[in-house]
Amino acid sequence: MADIDGSNAPKEFYTDIPQKSENFYLKGSNSLDWGMKNRLSRIFNPVSGKTVMLAVDHGYFLGPTAGLERIDVNIVPLIPYADTLMITRGALRTMVPADTQKAIVLRVTGGASILTELSNEDLAVDIEDAIRLNVCAMAVQVYVGSEHEHQTILSMTRMVDMGLRYGMPTLAVTAVGKDMVRDAKYFRLATRICAELGAQYVKTYYISEGFETVTSSCPVPIVIAGGKKLPEIDALTMAYRAIQEGAAGVDMGRNIFQSTAPIAMLKAVRAVVHDNETPEKAFEMYTTLKSEKK
Ligand code: R5P
């Protein structure tokens, strides 16, 4: 087969330029395979190193949560403003257009409902289906210290093994039992267990005291859940503090989709996460965008 027909020009091999061998920008991710890194780079912005994940997977144990009654109506219009959508396969297949360019993080555990013991979860999706759906990571709930601790930790390690086989990151979601104390000591324990057992990144809650010890003792990136709906300024302040204290992003649901102006809120959260904007400035942005909408 011809190379370039009729060309006598000498080939350029750039012999004076050494091939680059760069470290991957994400904490603890340098030794991962190319496909895994590529998927992570679709979740974590390569410029800021951070992510704004929009979490809408609550229905897998809560049913039609306020704000998620109609994902096609309420959530699809928000997708362009998030980096990543965290969702179940049922909602993805039925309500999200397949031409979305955003990275999807797939909820792959389930098996309990709000009516029963929540920690009684197991893997509820096969990795083949995650690959079929072209997702960028799989989210597994881990209940350290709860009744089904052992089972949920081992679900995570099974997913990590399968993920390593196919280049698919596992996000370990640390879930706190109803009666358990949410403090730095607990989150250091839970996040470290998840990372030591192979999760590529970990989701946890922000705590006002000692959060920086949680992020610094966890060798992989940490993102924070938003938790129950707060006044917008408080949610922005929480996101700001989390980022300043070492989080690599947010995985926020109710504080966005239950806001009276979800797109404005998403934009304000982005400013805090990607641009280190202060909560006050971001809140100003939120109120301006909200009033423009009216
Ligand atoms: C729990 O249902 C899921 O893991 C959510 O994705 C997680 O709690 C984040 O959502 P929110 O910000 O509403 O807490």
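Nothing fancy with the numbering, it's 1 onward along the sequence. Values below: every heavy atom of this structure, side chains too, minus hydrogens, waters and symmetry copies. Please read these numbers as outputs of a predicted model, since none were measured by experiment. Each ligand, and each atom within it, is numbered from 1 in the order the structure gives.
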Would you check the N or O atoms of Met86, main chain and side chain alike, for any that come under 3.5 Å of an N or O of ligand 1?
-> no
N/O of Ala225 under 3.5 Å from N/O of ligand 1, yes or no?
-> no
Which ligand 1 atoms, with their elements, are less than 4.0 angstrom from a heavy-atom of [X]?
{"X": "Asp57", "result": "3 (C), 4 (O), 5 (C), 6 (O)"}
{"X": "Met252", "result": "12 (O)"}
{"X": "Ala55", "result": "6 (O), 9 (C), 10 (O)"}
{"X": "His58", "result": "2 (O), 5 (C), 10 (O), 11 (P), 13 (O)"}
{"X": "Asp251", "result": "9 (C), 12 (O)"}
{"X": "Arg107", "result": "3 (C), 4 (O)"}
{"X": "Arg254", "result": "11 (P), 12 (O), 13 (O), 14 (O)"}
{"X": "Phe61", "result": "1 (C), 2 (O)"}

Donor-acceptor pair between [X] and [Y] side chains, under 3.5 angstrom:
{"X": "Glu121", "Y": "Tyr60", "result": "yes"}
{"X": "Thr213", "Y": "Arg188", "result": "yes"}
{"X": "Ser259", "Y": "Glu232", "result": "yes"}
{"X": "Ser41", "Y": "Arg39", "result": "no"}

Hey, does the side chain of Asp126 reach the backbone of Glu128 with a donor-acceptor pair shorter than 3.5 angstrom?
-> yes
Answer yes or no: is there a donor N or O on one side and an acceptor on the other, between the side chain of Ser29 and the main chain of Lys27, under 3.5 Å?
-> yes
Can you tell me if CZ on Arg70 sees more than 12 non-hydrogen neighbours from other groups inside 6.0 Å?
-> no
Return yes when Lys229 approaches ligand 1 closer than 4.0 angstrom through a heavy atom, no otherwise.
-> no
To which protein heavy atom is atom 9 (C) of ligand 1 closest, and what is the distance rounded to 0.1 Å?
-> Lys203 NZ, 3.2 Å
Can you say whether the rings of Tyr205 and Phe187 are parallel (under 30°), tilted (30 to 60°) or perpendicular (over 60°)?
-> tilted
